[in-house]
Amino acid sequence: MNRTDVIVVGAGPTGLFLASELALRGVRTTVLERLEEPDPTIKSGSINVATAEILDRRGLLPAAEDVQRRRLAEAKGFTGGRSNRTVRDLTDAAGRASRRFPVLGHFAGIMFRHVLVDQDDPVLAAHTAVANGILVPQHDLELLLGDHCARLGVEIRRGVEVRDLRSAGTGLDDDADVVVKTSAGDFGAGWVVAADGGRSVVRKRLGVEFAGTDPELVGYQAIADFDDPSELRRGWNWTPRGIYTYGPVPGRILVARFAPQPEDKNAPVTVDELQSAVRDVTGVPVTITGLRGRATRWSDNARQARAYRRGRVLLAGDAAHVHSPFSAQGLNLGIGDAVNLGWKLAATVQGHAPAGLLDTYHAERHPIGAWVLDWTRAQVALMRGDERTAQLRKVVGGELFAVPGATNRMIALSSGILQRYDVADDASEPVGSIAGDVELASGTRLADHAHDGRFVLVDRTADSRYAGSESRVAYVADPDVAQPSLLVRPDGIIAWADDSTDHARKLLDIAIQRWLG
């Protein structure tokens, strides 16, 4: 039987990033994936700022920026060379110091408008370094992370279907190795993480309750060839039957209609099925002549696992939560799970985790997942095609978003930069929040010191007692006394900040003991 430290089931973005996080800390990791090749099906079209910052902290921002440059060139070609404000905003080449917060996205199809954004807002200004690396579609992200895993020596076994799992002891709740039964034989590991999607075989085998709400709509997304798409309007459009958007990638169509679910949800989407949905929602008698790649079918089914862990098996990504794909929240939520879990599981495997560390994965991520489910449910409610909902959209998009600061707040929430964890007793800002872009006096940035997945201690005092004393902490002496000293976890969360009080260093000792043992 093949034996490793951790088995990750699923080679989507969540599984790949988690595997890379484990490998960074020297944990032997094997990824088991049912598909023979990375899935080229069109899914999420971009990542949010929080995810781009995660890539930045692992040295992957240049690769993400390369993807964005290619995608923007494609979008410009689609518009016949014409530019627009979004493209200009995302192609700012003047350097980090002049970058603006990327205004990209929507809420229920109501686009965030540049003119309503206050770029001087300190909340947004702290998260601008990744502006040129967010237009990364899911397929490109999987390729990028696959290369990252290969460099780190992660074993990825493709074409391997997981069929069952059992404990090497008396049951899955005990403290024993887990045996994963697959189409390629048995694999054994100390720990298993299920990142195998919304229909997770592992979650079903565990018997974890997947509670939530039933779907109201059926959605489709594809890159299609149309005989004449000229009557399809660009951007988001509401109709009595649903909502659709066309572009900016040539032929890209997303359509969602309020209708019963198909009898066979697993059947491939045919040209006729997609064409029927497009005609029904848009009211345009278009003819689809073919598909470039596979079309996807999805719904607003919103469910979340009651527990993200059972014994030595954990859930992450869509295996832990599913919802509608509006605003690409699912992709980003899964990456957030992976970066939160990776260092905690690595410390547990290697035997130096403080008591209860792994339990903080569920405690911190489950509330975030619940919030995202409600965020997507609210969008679906605002998309209904009746006249009263249309009037409500006018109030939200035309009146509420125009209130000073309202659009900033919505963009910050959608971008994931307002996530906050309870990481210390009686902590105040910025403790528990995402560090964002921290410039250092040396000319480097905090992210530059986080590539190897360690904690980062930015010391703005003359006390260097932690310098070189901890292999799991990157010590950075920074003489900028105008800024607080920081202890930043591997997932970018500030675990301690020097509040200039006499007991600040004592609080640092407490934070290190709590998170590093």
Side-chain angles (χ1 to χ4, degrees), residues 10-18 33-48 50-52 54-55 64 67-68 70-71 74-75 104-106 109 133-146 158 195-200 215 217-224 236 243-256 265-269 273-274 277-278 291-303 316-338 369 372-373 375-376 379-380 414 416:
T14 300
L16 290 175
F17 191 79
L18 175 62
E33 170 55 49
R34 174 179 56 86
L35 299 178
E36 295 282 355
E37 299 291 339
D39 187 2
T41 304
I42 184 169
K43 295 179 182 177
S44 300
S46 65
I47 58 178
N48 68 12
T51 296
I54 290 170
L55 299 181
V67 173
Q68 178 162 305
R70 294 199 306 270
R71 294 308 178 191
E74 292 174 1
L104 184 69
H106 67 91
I134 64 171
L135 202 63
V136 182
Q138 182 165 329
H139 179 62
D140 293 86
L141 181 61
E142 289 185 16
L143 297 178
L144 185 159
L145 293 177
R158 292 190 172 275
D196 52 341
R199 299 184 177 93
S200 172
L217 57 78
V218 183
Y220 302 87
Q221 188 170 200
I223 297 181
W236 289 94
I243 188 170
Y244 79 94
T245 181
Y246 181 62
V249 176
R252 179 169 180 169
I253 183 78
L254 182 150
V255 59
K265 297 179 182 179
N266 297 318
V269 178
E273 181 182 357
L274 178 62
V278 173
L291 298 175
R292 281 172 267 168
R294 292 189 303 165
T296 57
R297 183 194 301 110
W298 44 271
S299 76
D300 60 322
N301 179 39
R303 300 186 181 278
D318 289 351
H321 38 69
V322 295
H323 49 78
S324 72
F326 295 120
S327 302
Q329 292 289 344
L331 167 63
N332 298 294
L333 185 59
I335 295 293
D337 290 344
V372 169
L373 261 65
W375 180 263
T376 59
Q379 292 186 70
V380 171
S414 180

State, to 0.1 Å, how close Arg158 and Ala11 come at their nearest heavy-atom pair, and which atoms those are. NH2-CB, 4.0 Å

Residue pair Leu55 / Ala64: nearest heavy atoms and the distance that separates them: CD1-CB, 4.2 Å

For Arg70, salt bridge (Lys or Arg N to Asp or Glu O under 4.0 Å) partners two or more places apart: Asp140

Glu142 CD to Glu37 CD distance, which is reported to the nearest 0.5 Å: 12.0 Å

Mind checking side chain to side chain contact (heavy atoms under 4.5 Å, CB included) for Ile42 and listing every partner two or more places apart, or none if nothing turns up? Gln221, Ile223, Arg252

Report the C-alpha separation of Leu135 and Val67 in whole Å, then their side-chain angles, then the decisive distance to 0.1 Å, and conclude whether the side chain to side chain contact (heavy atoms under 4.5 Å, CB included) test is met. CA-CA 7 Å; Leu135 202 63; Val67 173; over 6 Å; no

Minimum heavy-atom distance Arg297-Val218, with the two atoms named: CG-CG1, 4.0 Å

Hey, does the side chain of Asp300 reach the backbone of Leu217 with a donor-acceptor pair shorter than 3.5 angstrom? yes

Working to the nearest 0.5 angstrom, can you tell me the gap between Asn301 CG and His323 NE2? 11.0 Å

Carefully, step by step, assess Ser414 and Gln329 under the rule side chain to side chain contact (heavy atoms under 4.5 Å, CB included). CA-CA 8 Å; Ser414 180; Gln329 292 289 344; 3.8 Å; yes

Which atom pair, heavy atoms only, marks the closest approach of Leu373 to His321? CD1-CB, 4.2 Å

Rounded to the nearest 0.5 Å, the CZ atom of Phe17 sits from the CG atom of Asp337 at a distance of 12.0 Å

For the residue pair Ile134 and Ala52, what are the closest heavy atoms and their distance? CG2-CB, 3.8 Å

Between CG of Leu145 and CD1 of Ile335, what distance do you get to the nearest 0.5 Å? 5.5 Å

Hey, does Ser324 have a side-chain heavy atom less than 4.5 Å from the side chain of Gln379? no

Closest heavy-atom contact between Ala338 and Thr14? CB-O, 3.7 Å

Using a 6.0 Å cut-off, check whether atom CZ of Arg303 has over 12 heavy atoms from anything other than its own residue. yes

Do Asp39 and Thr41 meet the criterion of a side-chain donor-acceptor pair at a distance under 3.5 Å? yes

From the list Asp318, Asn48, Leu141, Thr51, side chain to side chain contact (heavy atoms under 4.5 Å, CB included) with Leu331 holds only for Leu141

Does the side chain of Tyr220 reach to within under 4.5 Å of the side chain of Ile253, using non-hydrogen atoms? no

dist Leu143:CG -> Gln138:CD (nearest 0.5 Å) comes out at 11.0 Å

Please lay out, stage by stage, how Val322 and Trp298 fare under the test side chain to side chain contact (heavy atoms under 4.5 Å, CB included). CA-CA 10 Å; Val322 295; Trp298 44 271; over 6 Å; no

Under 30°, 30 to 60°, or over 60°: which ring-plane class applies to His106 and Phe326, parallel, tilted or perpendicular? perpendicular

